[in-house]
Amino acid sequence: MKTLAYGHIKTAIGSVRANKSRSFLTMLGIVVGVVSVVSIISIGEGVKSQIRSQINHYGRDLITVRPGAETAHGTFTDIKSLVNINHAGSLTSRDLLAVEHTQGVAYSVPLVIVGGSVNGGDHSPGSITVIGTTNRFASALNQKISFGANFDPANNAAPTAILGSRVAERMFDDPVPLGRSFTIRGEQFYVAGIFDDFATAPFSADVDFNNAVFIPYDTAQSISDNGASMYEILVEPRTSNHDDEMVNALTRNIAKARGGQHDFTVLTHAESASVTNDILSLLTALIGGVAAVSLLVGGIGIMNIMLVSVTERMHEIGIRKAVGATNRQILMQFVTEAAVLSLAGGILGIILAIIIDVILRLSTDLQPVTSWQIVLLALFVSMLVGVLFGSAPALKAARKDPINALRNE
Amino acid sequence: MIDLQDVSKLYGFGDATTLALDEVSLKIKEGEFVAIMGPSGCGKSTLMNIIGLLDRPTHGKYMLNGRHISRLNQNQAAKIRRDSVGFIFQSFNLLPKMTVLDNVALPLTYKGMTTARRLKTASNMLERVGMQQRESFLPSQLSGGQAQCAAIARALINNPKLIIADEPTGNLDSAGSRLVMELLSEVHKMGNTVLFVTHNPELTRYATRVVYMHDGTIIHDEKTKLGEVSPTARRLMYSVPVTTEDDDMAGVSALMTALPVKTSLNSKRKTGRSLGRAKKSKRTSNKDVIL
Ligand SMILES: Nc1ncnc2c1ncn2[C@@H]1O[C@H](COP(=O)(O)OP(=O)(O)OP(=O)(O)O)[C@@H](O)[C@H]1O
Ligand SMILES: [Mg+2]
């Protein structure tokens with residue numbers, strides 16, 4: 001039986017090869033399906049592992065306070081809330097005070113966004129974010145400063161700046177541009193430090209810190225005439241493991257400061273990362289649908305081409321039956337051929353998906369991970385499609401009686 | 001070995017029904033070498049296909065080696081075709097994309113034999129039919145006689161007791177015919193039962209028995225001596241010019257086909273099958289003229 005299966009595979013490969021362009025066109029649906037499934041799962045896996053490492057890096061106990069009411073997770077409104085960060089109003093220094101006076105808070109770090117352009121340096125930095133914060137920012141996120149120093153806590157109004165790693169690369173030719181000057185809203189600043197790479201997660205609601213310039217909180221307030229909007233407060237609790245209590249206490253206090261309004265959100269870091277997960281699930285579902293449709297179309301294509309093949313090869317079927325092939329053996333021959341055809345499409349799809357992965361890695365923040373499980377799954381699914389859609393034509397071939405099949409020239 | 005009782009075969013239905021076999025009864029014992037003769041369309045192929053399990057009778061009982069064939073399912077029939085029957089066709093029926101060796105080994109594939117053993121066995125069989133130098137040729141690269149020898153090797157590969165050849169020499173010239181018939185004689189001498197259909201009375205010299213058919217029935221059945229043309233066939237050869245269906249339809253007598261120009265015109269238009277027949281009618285008519 002084994003040698004027969006081997007023979008079927010050999011015949012199948014032969015006939016796929018004999019009609020190269022026809023086979024290729026037939027495979028196309030399967031290829032598209034497999035490419036979309038494999039790449040979306042790879043991207044998803046990549047993003048999840050990036051989120052995981054971000055959480056691990058920032059510490060599980062970090063709590064964030066953001067403006068805007070909490071929305072139910074897992075719905076489209078998450079994308080809206082992501083887009084609407086700046087329209088959701090902002091937090092105020094009263095909120096910050098309320099946070100600081102909440103029991104169990106070790107310290108809190110405000111993040112304000114300063115509008116206006118950044119100039120100077122060797123090159124235009126392109127679109128970057130200017131964030132005002134305190135010297136505690138680095139420790140709240142467990143972030144190292146690779147060169148230079150943190151803000152001087154004694155002088156919160158100094159014209160100093162710490163650059164995100166990518167900003168440093170883009171703005172200055174020096175590998176370490178410490179002490180270089182540039183302007184924000186026309187005010188002169190000096191580079192005091194450069195952050196290590198921040199762990200980022202794509203689709204994350206966070207600002208890309210690698211692409212940001214950090215200035216002291218008070219400086220930020222003064223250069224923007226107190227117009228900087230506070231979009232986030234990071235809260236480091238004194239002890240971990242009491243996340244829920246902490247979140248409740250913060251919610252109560254901030255609400256009191258806001259006159260009972262609950263137009264803000266308090267999230268543990270894991271929760272804020274889950275927003276990313278939800279967006280990802282949505283995307284996976286969408287592309288999964290595309291993949292299912294293209295696999296279906298691919299399957300129908302295979303069925304069609306197998307019907308043609310069976311009709312074309314009726315005489316061959318007659319000969320094989322005349323020399324003793326049973327219905328089952330003919331069935332297996334054509335099912336194998338369909339499976340080989342769609343498996344070839346699957347393999348092509350996997351190769352393309354891996355190429356897409358590499359391109360994404362090189363050109364975006366995404367770090368797709370193609371695991372062997374995904375590859376196996378794709379191979380299995382594409383083979384299954386071939387078997388399912390190939391069996392109807394194969395049955396047709398198997399059921400033909402030998403003498404009628406032989407009459408077909 | 002073969003026992004047909006009142007076997008009929010109907011084709012089509014309604015007004016278009018054809019009675020290809022009309023209650024044919026025939027017994028063939030092991031070791032016989034039977035020639036089947038008769039005009040075109042008299043049901044020779046239909047009979048061969050039924051005996052070779054490629055087709056099923058509409059009515060009647062067919063026993064092969066004591067087994068009731070009409071009761072077998074398709075699967076069992078396939079296994080008997082594989083193990084007990086070797087079928088040789090007029091048009092060779094080799095798979096065009098496979099080498100001669102692979103073609104000969106094909107029936108073994110369906111037995112589940114390993115590739116190495118299969119090819120070894122097939123190679124031996126090709127050697128026995130004198131084709132060992134052409135193992136790796138494609139069927140299209142062979143002459144008609146060689147292709148038929150390969151087809152015979154394929155039919156013999158499972159050592160079947162029964163060999164059925166439907167006009168094995170129909171597409172061959174006289175040299176090819178002799179080659180094929182000598183081979184079949186060898187097979188017969190080894191103790192196998194051989195059935196063959198022919199339009200050429202000369203070839204009855206190889207047979208031990210000749211069966212004549214007409215309009216789906218057996219009209220004459222005689223034992224003959226090996227090496228001698230059957231007396232009935234001899235009479236056929238010299239008196240009745242064999243006309244073909246095509247000639248009848250065209251309203252052309254067999255004598256007319258003797259004219260070289262006409263013959264070549266005819267053969268160009270006809271398929272290989274009728275080509276062979278045109279040649280034969282030419283030959284018989286020639287003799288007629290000589291007489
Ligand atoms: N598939 C079929 N459908 C309908 N009629 C058929 C079919 N096959 C054969 N016949 C008819 O059955 C009769 C016997 O055909 P068969 O092929 O057995 O003749 P034959 O003796 O082999 O003729 P030839 O010498 O030309 O090969 C013919 O009248 C033919 O028209
Ligand atoms: Mg015939």
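Protein chains get the first letters and strands the later ones, always in sequence-line order, with residue 1 at the start of each. Values below: every heavy atom of this structure, side chains too, minus hydrogens, waters and symmetry copies.
The OG1 atom of B/Thr109 sits 9.0 Å away from atom CD of A/Gln329, with the distance rounded to the nearest 0.5 Å. Remark: A/Ile403 CD1 to B/Leu53 CG distance equals 11.5 Å, nearest 0.5 Å.
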Can you list, pair by pair, the side-chain donor-acceptor contacts under 3.5 Å of residues 92-100 of chain B, counting residues two or more places apart and other chains?
residue, atom, partner, partner atom, Å
B/Asn93, OD1, A/His315, NE2, 2.8
B/Thr99, OG1, B/Asp102, N, 3.2
B/Thr99, OG1, B/Asp102, OD2, 3.4

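In this structure the side chain of B/Arg82 never reaches within 4.5 angstrom of the side chain of A/Val323, judged on heavy atoms.
Of the listed residues (B/Arg81, B/Gln76, B/Gln74), the one with the most heavy-atom contacts under 4.5 Å to chain A is B/Arg81. Note on B/Val85, B/Ile80, B/Asn158, B/Thr114: by heavy-atom pairs under 4.5 Å with chain A, the leading option is B/Thr114. Note on A/Pro402, A/Ala325, A/Ala405: by heavy-atom pairs under 4.5 Å with chain B, the leading option is A/Ala325. Highest contact tally toward chain A, considering only B/Leu54, B/Thr115, B/Asn75, is held by B/Leu54 [criterion: heavy-atom pairs under 4.5 Å].
Applying the 6.0 Å contact sphere to CZ of A/Phe24 captures no more than 12 heavy atoms from other residues, nucleotides or ligands. For A/Arg399, the CZ atom is loosely surrounded, since the number of other residues' heavy atoms within 6.0 Å does not exceed 12. Counting heavy atoms of neighbouring residues, nucleotides and ligands inside a 6.0 Å radius, atom OH of B/Tyr11 exceeds 12 of them. Within 6.0 Å of the CZ atom in B/Arg117, the count of heavy atoms belonging to other residues, nucleotides or ligands does not exceed 12. Around CZ of A/Arg407, the count of heavy atoms belonging to other residues, nucleotides or ligands within 6.0 Å exceeds 12.
There is no contact between A/Arg328 and chain B, counting heavy-atom distances below 4.5 Å. Residue B/Arg56 does not touch chain A at all, counting heavy-atom pairs closer than 4.5 Å.
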> Would B/Phe89 and A/Ile319 count as a side-chain contact (heavy atoms from CB on, under 4.5 Å) if you check the C-alpha gap in whole Å, the side-chain angles of each, and the deciding distance to 0.1 Å?
Replying inline: CA-CA 10 Å; B/Phe89 303 87; A/Ile319 295 174; over 6 Å; no
